[in-house]
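Computation of the quantities below employed the complete heavy-atom set of this structure, encompassing side-chain atoms and omitting hydrogens, waters and symmetry-equivalent molecules. Each chain gets a letter, A, B and so on, in the order its sequence line appears, and its residues count up from 1.
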Protein chains: 2
Amino acid sequence: MSSENGRSPVMADVARLAGVSHQTVSRVLNGHPNVRPETQARVQAAIEQLGYHRNSSARALVTRRTNVLGVVTFDTTLYGPASTLSGIERAAREAGYFVSIVTLTDISRASVREALDYLAEQSVEGCIVIAPQRAAVESLTDVSVARPLVAVEGGRAPGLPVVCVDQVGGARAVTEHLLGLGHRTVHHVAGPMEWLEAEGRVQGWREALEAAGAPIPEPLRGDWSPRSGYEIGLRLAEDPRITAVFVANDQMALGVLRALGEAGIRIPEEVSVAGFDDVPEAEFFTPPLTTVWQNFSDVGRRSIRLLVDQIDRRARKGSAGATETEEDLRDVVPARLVVRASTAPVQLR
Amino acid sequence: MSSENGRSPVMADVARLAGVSHQTVSRVLNGHPNVRPETQARVQAAIEQLGYHRNSSARALVTRRTNVLGVVTFDTTLYGPASTLSGIERAAREAGYFVSIVTLTDISRASVREALDYLAEQSVEGCIVIAPQRAAVESLTDVSVARPLVAVEGGRAPGLPVVCVDQVGGARAVTEHLLGLGHRTVHHVAGPMEWLEAEGRVQGWREALEAAGAPIPEPLRGDWSPRSGYEIGLRLAEDPRITAVFVANDQMALGVLRALGEAGIRIPEEVSVAGFDDVPEAEFFTPPLTTVWQNFSDVGRRSIRLLVDQIDRRARKGSAGATETEEDLRDVVPARLVVRASTAPVQLR
DNA sequence: GCCTCGTTTGTTAGCGCTAACAATGTAGCT
DNA sequence: AGCTACATTGTTAGCGCTAACAAACGAGGC
């Protein structure tokens with residue numbers, strides 16, 4: 001792969017071999033018009049013969065474009081963030097960008113800032129922050145001037161473009177589904193307060209209950225983990241008036257199913273349980289879980305589009321115009337109810 | 001953040017403000033000795049006042065180091081790859097490297113090559129390929145000369161450093177555990193043939209059976225998905241002689257549990273089931289799943305160490321020495337059996 | 001005083017590339 | 001032929017940084 005002398009070949013080497021100037025090589029590489037087909041072929045042959053690769057640093061230095069986007073994410077082992085990251089990466093590559101990632105271990109205003117600074121150090125052209133927590137979003141509003149930025153699942157933030165799944169709508173749909181089955185009301189196992197997704201799901205659930213004139217029980221707080229769902233499930237099992245539970249994610253729903261099962265409660269005959277996320281396993285829980293499907297790859301695609309738009313606009317107009325768009329850019333991806341066997345019409349318990 | 005004239009500040013701007021030469025600024029930034037403390041302070045102040053960030057492209061151009069590592073991965077929504085990626089990213093950052101990722105949609109020799117070429121285009125200093133399939137590993141052996149490379153879960157490949165979990169040992173441990181409970185033999189639901197992890201688990205299972213002189217049934221092939229586990233589980237349910245099943249991953253094990261449950265088979269009283277992976281949900285399956293835990297963050301850490309070692313060695317000796325180490329570098333991370341309630345002593349069925 | 005040595009700072013060149021401009025060739029017209 | 005228009009190629013400068021060398025300065029020994 002490398003040239004004879006040991007160092008990897010540069011444009012001048014290719015030029016020499018093809019008998020042209022280095023600039024002609026550059027033109028071929030960048031697809032400029034006005035290069036004679038024969039010359040182009042000769043250059044191509046030389047490139048292949050030497051195994052030449054353009055030096056991206058040199059290119060970036062002069063074009064002032066690194067073609068790198070940064071992604072800040074939190075706990076990629078959770079199904080949602082992992083799927084979103086995957087969608088982002090694919091979309092970025094299609095748009096001609098590389099993706100550099102930073103995963104946070106703790107979420108604080110400081111650590112998000114630090115991650116963004118770190119990515120800035122690498123001269124990324126823009127960042128996507130998968131920031132489902134309130135703290136993370138707040139930390140973004142201060143920085144937003146610096147360089148293009150998009151928040152995923154970011155909540156409402158002035159002047160900060162956001163892509164998110166319609167948590168409220170999804171939660172409303174599940175709750176309405178359960179009410180439609182004849183349940184007097186629906187209990188809710190919520191996610192942590194700081195998580196915007198958790199709050200959106202609480203809101204949708206509450207709205208549906210209010211609209212139906214159903215009593216609104218206090219939501220129980222878990223931490224997304226199956227364990228917390230299990231613990232809350234044990235408490236739910238003790239209250240015989242509960243007939244329907246909407247759990248804020250599938251992992252906790254699994255814990256709830258387990259706890260209710262251990263208590264000898266039959267699902268869905270005695271208690272209906274629904275989740276949120278539609279993880280691949282949900283269909284094979286005992287019983288198969290009614291849940292809400294989110295189109296994460298669409299989220300990834302849309303957030304890249306928003307980010308690339310910002311970058312292009314800035315590149316075209318020059319970075320002078322600071323606060324050109326104060327409009328509240330917010331791209332909401334719909335969620336879809338998936339009904340399975342864990343929910344059923346109300347029966348006596 | 002940006003300087004007054006609109007363009008972001010460069011080293012010369014800092015130098016002017018601090019009343020020194022740009023080289024002195026460079027020295028401060030790189031922590032060179034022989035800079036008077038007072039000068040250093042003045043430069044620091046100027047840097048902060050201007051919000052100066054070093055241009056990484058210019059720096060990379062002259063130092064010939066991009067400080068970027070590439071990671072090629074496949075389906076990051078699977079628990080294993082996602083956890084490994086996370087561990088890699090953390091370890092890389094600690095070692096002072098950025099991480100650029102490419103996720104593959106299909107695994108073929110061509111697509112892995114393409115991903116590596118793509119990363120080469122970005123001038124990464126080395127790559128880690130999370131390549132659990134045979135095809136992926138094969139595609140690596142040809143390239144290995146080009147630049148530092150480490151395979152994760154890569155199987156045996158000449159001259160290619162590999163970090164992997166001890167699949168064989170883990171599988172042997174589960175199988176021995178089941179035999180120790182008095183089962184005459186253990187059936188196996190395997191993963192796809194092309195996956196090296198699947199083969200390793202088959203091997204460990206087979207070894208344990210052979211050592212115990214137990215009959216070796218034909219392994220049944222799934223595709224890692226809960227659905228395939230479910231379908232195979234339905235078949236298993238029909239054979240009353242089966243009392244113990246080792247499933248190659250937790251997702252398929254979930255499907256098996258579901259299928260056996262639907263067939264009215266009690267677990268673990270009638271059939272013991274064990275998985276592999278120890279996903280967070282496993283503890284809350286019905287019943288809680290006996291499985292094998294893998295230390296993925298350790299895998300990430302070790303693979304980064306192997307890669308950084310290669311890069312450092314190459315940087316020190318110059319890239320002249322091509323095939324300096326033909327030794328078979330292979331770092332095996334132990335796996336750990338986690339016994340839960342899905343396995344029990346054999347009983348009459 | 002002069003020379004040597006070490007510390008601190010400045011000057012210069014050049015990494016590999018692209019953009020702007022200059023130069024050349026080639027065809028089509030008057 | 002001579003001019004214009006255009007296609008094709010080459011030459012030059014410079015992106016922002018670091019490495020190598022050079023210069024200035026003070027301390028210490030003869």
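With 3.5 Å as the limit, one finds no donor-acceptor pair spanning the side chains of Y118(A) and R113(A). Side chain to side chain, T103(A) and T73(A) fail the donor-acceptor criterion of an N or O pair below 3.5 Å. Checked by atom type, the side-chain pair S100(B)/Q122(B) shows a donor-acceptor distance below 3.5 Å. For R64(B) and N55(A), the side-chain atoms include no donor-acceptor pair closer than 3.5 Å.
Of the residues listed (N30(B), T66(B), N67(B)), the one engaging R59(B) in a side chain to side chain donor-acceptor pair (under 3.5 Å) is N30(B), and it is the only one.
Per the geometry, CZ belonging to R54(A) stands 10 Å off C1' belonging to dT18(C), to the nearest Å. Rounded to an integer number of Å, the gap from CD1 of I47(A) to P of dC17(C) is 10 Å. One atom, CE of M11(B), and another, P of dG10(C), lie 14 Å apart when rounded to the nearest Å. For the pair H53(A) NE2 and dG16(C) P, the interatomic distance rounds to 16 Å; values are reported in whole Å. Remark: C1' of dT18(C) and CG of L29(A) are 11 Å apart, rounded to the nearest angstrom. dA19(C) atom P lies 15 Å from atom CG of N34(A), rounded to whole Å. Whole-Å rounding puts the E38(A) CD to dG25(C) C1' distance at 15 Å. Whole-Å rounding puts the D13(B) CG to dC17(D) C1' distance at 13 Å.
Across the helix from dG1(C)-dC30(D) to dT30(C)-dA1(D), the helix axis at one end is tilted relative to the axis at the other end by 60° (nearest 10 degrees, each axis from five pairs).
One finds a salt bridge joining R93(B) and E89(B) here, because a Lys/Arg side-chain nitrogen approaches an Asp/Glu carboxylate oxygen to under 4.0 Å. Classification of R147(B) and E125(B) as a salt-bridged pair fails, no side-chain N sitting under 4.0 Å from a carboxylate O. Looking at R302(B) and D298(B), a side-chain N of the basic residue comes within less than 4.0 Å of a carboxylate O on the acidic one, giving a salt bridge.
If you check every strand for non-hydrogen atoms under 4.0 Å, R27(B) touches a base.
Checked against dG16(D), dT8(C), dC17(C), the side chain of V10(B) finds its nearest nucleotide in dG16(D).
Minimum interatomic distance between V14(B) and V43(B) (heavy atoms only, all atoms of both residues): CG1-O, 4.2 Å. Contact detail for I304(A) and A95(A): the closest heavy-atom pair is CG2-CB, 4.4 Å.
Contacts of residues 17-26 of chain B with DNA chain C (heavy atom under 4.0 Å): V20(B), S21(B), H22(B), Q23(B), T24(B). Heavy-atom distances under 4.0 Å link DNA chain C to N55(A), A58(A), R59(A), L61(A), V62(A), T63(A) of residues 55-64 of chain A, given in residue order.
Here R36(B) reaches the OP1 or OP2 of dT9(C): one of its side-chain N or O atoms lies under 4.0 Å away.
Within a 6.0 Å radius of CD in E114(B), other residues, nucleotides and ligands contribute 12 heavy atoms or fewer.
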